[in-house]
Amino acid sequence: MVKISKPSFEKVDPSFGSSFSFKSFNQENQNRNHTFWHYHPEIELVYVNGGSGKRQIGSHISYYQHGDLILIGSNLPHCGFTDSLTDNDKETVIQFSPDFLGKNFWEIPEMRNVRVLLERAKNGIVFHGEDKNLIGEKIEALSSLTNYKRLLGLLDVLNMLENAKDFTLLNAEGFVLDTELEDHNRINVIFNFVKNEFKRNIALEEIADVVSMTVPAFCRYFKKTTGKTFVQFVNEYRLVHAAKLLHEKQISITDVCFESGFNNFSHFNKQFKKFTGKSPSVYRNEIKFAVS
DNA sequence: CGCGGGTTATCTCCCTTGAC
DNA sequence: GTCAAGGGAGATAACCCGCG
């Protein structure tokens with residue numbers, strides 16, 4: 001019997017005396033609760049000012065270094081994997097309901113651009129380069145402001161995000177969530193299952209059984225929802241984990257391969273090369289080179 | 001030479017998908 | 001939902017290369 005992890009709908013409470021939620025985490029205060037699969041109607045803006053980790057937004061999975069700035073739209077399932085924060089690393093999370101300033105606030109002409117940004121955020125947006133750093137600093141500076149100034153600052157940040165040039169849409173391939181809650185739950189169950197079990201072999205029959213579907217029905221459903229086949233998805237999940245291990249641990253490539261859920265080198269090598277354009281050893285050497 | 005770590009070739013099997 | 005075909009994923013093994 002397989003244990004099913006329940007899908008999670010996260011309830012977001014605004015900070016005291018405020019209409020949106022502002023939270024800051026550092027080495028001492030790491031009580032973050034978004035390392036599991038969840039979704040919520042509130043829009044979420046996350047800034048990590050250093051460190052590295054994995055992130056999954058919709059069906060997109062990737063590894064990041066030197067911090068991260070992402071904007072996650074309403075009801076887009078996501079999961080952060082930032083490793084334990086060290087030294088001066090800080091993670092700032094802002095969550096706000098799309099209508100926290102009133103139902104029609106984004107409709108006024110002055111907010112037209114932000115409305116476009118929030119629409120775009122339904123795909124998940126990651127920001128890079130100077131934009132990431134400048135806006136990130138601005139976000140961190142919000143912590144020292146009064147509630148009133150903080151709200152103005154947030155609008156300012158949203159405007160900067162809209163003007164940013166250096167960004168990537170994470171989920172552009174079209175991650176489609178059915179509006180029915182039941183289907184919402186189904187994909188959550190699948191993602192959580194993969195998250196917990198990716199280090200071992202997952203037979204299609206097994207995962208299909210978990211969500212009470214036949215194997216062909218499952219394949220069709222998964223492709224329709226994520227734009228990928230199930231095997232592709234799990235492979236990407238494993239490859240991102242492998243990239244992370246290559247960066248962070250001094251273990252042999254063989255060990256990285258098995259640690260990531262692959263059962264043989266040859267296949268791991270082939271997939272890794274297809275995914276990153278480099279073989280695992282070249283990939284790791286380039287990192288060493290960049291560091292020294 | 002033998003050994004360990006990494007890469008490539010090939011064959012089998014099961015995942016995916018189209019037809020019904 | 002079932003069935004079946006084809007193609008991609010995964011296993012096996014041969015191969016390469018640097019090192020003692």
Side-chain angles (χ1 to χ4, degrees), chain A residues 1-5 37 52 54 56 58-63 65 77 170-292:
Chain A
M1 185 60 203
V2 183
K3 191 167 168 252
I4 302 174
S5 47
W37 257 99
S52 59
K54 291 187 288 184
Q56 185 181 356
S59 59
H60 168 96
I61 317 154
S62 50
Y63 175 75
Q65 306 166 77
L170 291 179
N171 207 13
E173 292 166 36
F175 180 84
V176 185
L177 270 183
D178 282 336
T179 44
E180 286 166 36
L181 193 61
E182 194 186 328
D183 271 22
H184 233 137
N185 288 348
R186 187 185 283 159
I187 198 70
N188 274 298
V189 169
I190 296 166
F191 283 160
N192 272 319
F193 190 87
V194 172
K195 177 177 172 297
N196 295 329
E197 308 289 336
F198 76 95
K199 286 187 183 178
R200 65 175 179 85
N201 186 38
I202 305 172
L204 258 188
E205 205 178 351
E206 185 184 354
I207 185 70
D209 195 48
V210 166
V211 288
S212 311
M213 296 173 99
T214 62
V215 170
F218 174 82
C219 284
R220 269 183 267 270
Y221 168 77
F222 195 85
K223 185 75 176 266
K224 180 171 139 252
T225 308
T226 66
K228 300 169 186 182
T229 68
F230 182 68
V231 169
Q232 271 172 352
F233 177 79
V234 175
N235 268 336
E236 274 182 34
Y237 205 98
R238 289 173 174 157
L239 287 167
V240 168
H241 187 73
K244 180 171 140 64
L245 289 177
L246 286 172
H247 271 275
E248 295 171 5
K249 301 222 168 138
Q250 295 301 316
I251 56 178
S252 73
I253 293 181
T254 318
D255 290 341
V256 169
C257 162
F258 289 109
E259 272 292 301
S260 309
F262 288 94
N263 291 324
N264 70 85
F265 290 138
S266 65
H267 185 243
F268 171 63
N269 272 316
K270 200 160 62 181
Q271 292 296 322
F272 195 89
K273 199 161 185 176
K274 205 162 94 187
F275 188 62
T276 64
K278 299 158 194 155
S279 67
S281 58
V282 171
Y283 185 85
R284 173 175 266 172
N285 284 335
E286 283 183 7
I287 302 161
K288 279 188 194 156
F289 215 60
V291 169
S292 55

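The model shown is predicted, which means the values in this text are computed figures rather than measured ones.
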Next on the checklist: Are A/L204 and A/F222 packed together at the side-chain level, in the sense that at least one heavy-atom pair is separated by less than 4.5 angstrom?
Outcome noted: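 No, too far: nothing below the 4.5 Å cut-off.
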- Going by heavy atoms in the side chains, are A/F233 and A/I61 under 4.5 Å from each other?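 The answer is yes, as the side chains (C-beta and beyond) meet within the 4.5 Å cut-off.
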- Okay, side chain of A/S260, backbone of A/F262: is any donor-acceptor separation there less than 3.5 Å?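 No, because the side chain of A/S260 does not come within donor-acceptor range (under 3.5 Å) of the backbone of A/F262.
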(Q) If we ignore hydrogens and angles and just use 3.5 Å, is the side chain of A/D209 paired with the main-chain N or O of A/E205 as donor and acceptor? (A)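 The answer is no, because no donor-acceptor pair under 3.5 Å joins these two groups.
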Taking the nucleotide of DNA chain B with the nearest heavy atom to each, does A/F230 or A/S252 sit closer to the 5' end?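 Comparing both residues, the 5'-ward one is A/S252.
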Open item on the list: Which is more 5' along DNA chain B, the nucleotide nearest A/R220 or the one nearest A/N269? Just name the residue.
Closed with: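 Final value for this comparison: A/N269.
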Q. Hey, what do you get for CZ (A/F230) to CG (A/N235), rounding to the nearest 0.5 Å?
A.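 Going from CZ on A/F230 over to CG on A/N235, the span is 10.0 Å.
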Using whole Å, report how far [atom1] of [X] lies from [atom2] of [N].
X	N	atom1	atom2	value
A/N201	B/dC13	CG	P	16 Å
A/K270	B/dC11	NZ	C1'	11 Å
A/F218	B/dT17	CZ	P	12 Å
A/L239	C/dA9	CG	P	11 Å
A/K228	C/dA9	NZ	C1'	17 Å
A/Y237	C/dA9	OH	C1'	21 Å
A/F268	C/dA11	CZ	P	14 Å
A/K223	B/dT17	NZ	C1'	8 Å

* OP1 or OP2 of B/dT7 sitting under 4.0 Å from any side-chain N/O of A/S281? ->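 Checking A/S281 against B/dT7: at least one side-chain N or O falls below 4.0 Å of OP1 or OP2.
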### Message
Quick check on B/dT16: is either OP1 or OP2 less than 4.0 Å from any side-chain nitrogen or oxygen of A/T229?
### Response
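So the side chain of A/T229 is within the cut-off, an N or O lying under 4.0 Å from OP1 or OP2 of B/dT16.
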Out of [options], which has the shortest distance to the side chain of [X]?
X	options	value
A/I253	B/dT8, B/dC15, B/dG6	B/dG6
A/S266	B/dT17, B/dA9, B/dT10	B/dA9
A/T254	B/dG6, C/dC3, B/dT10	B/dG6
A/P280	B/dT7, C/dG1, C/dA9	B/dT7

- Closest-nucleotide ordering on DNA chain C, the 5'-leading residue of A/F265 and A/Q271: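 Looking at DNA chain C, the more 5' nearest nucleotide goes with A/Q271.
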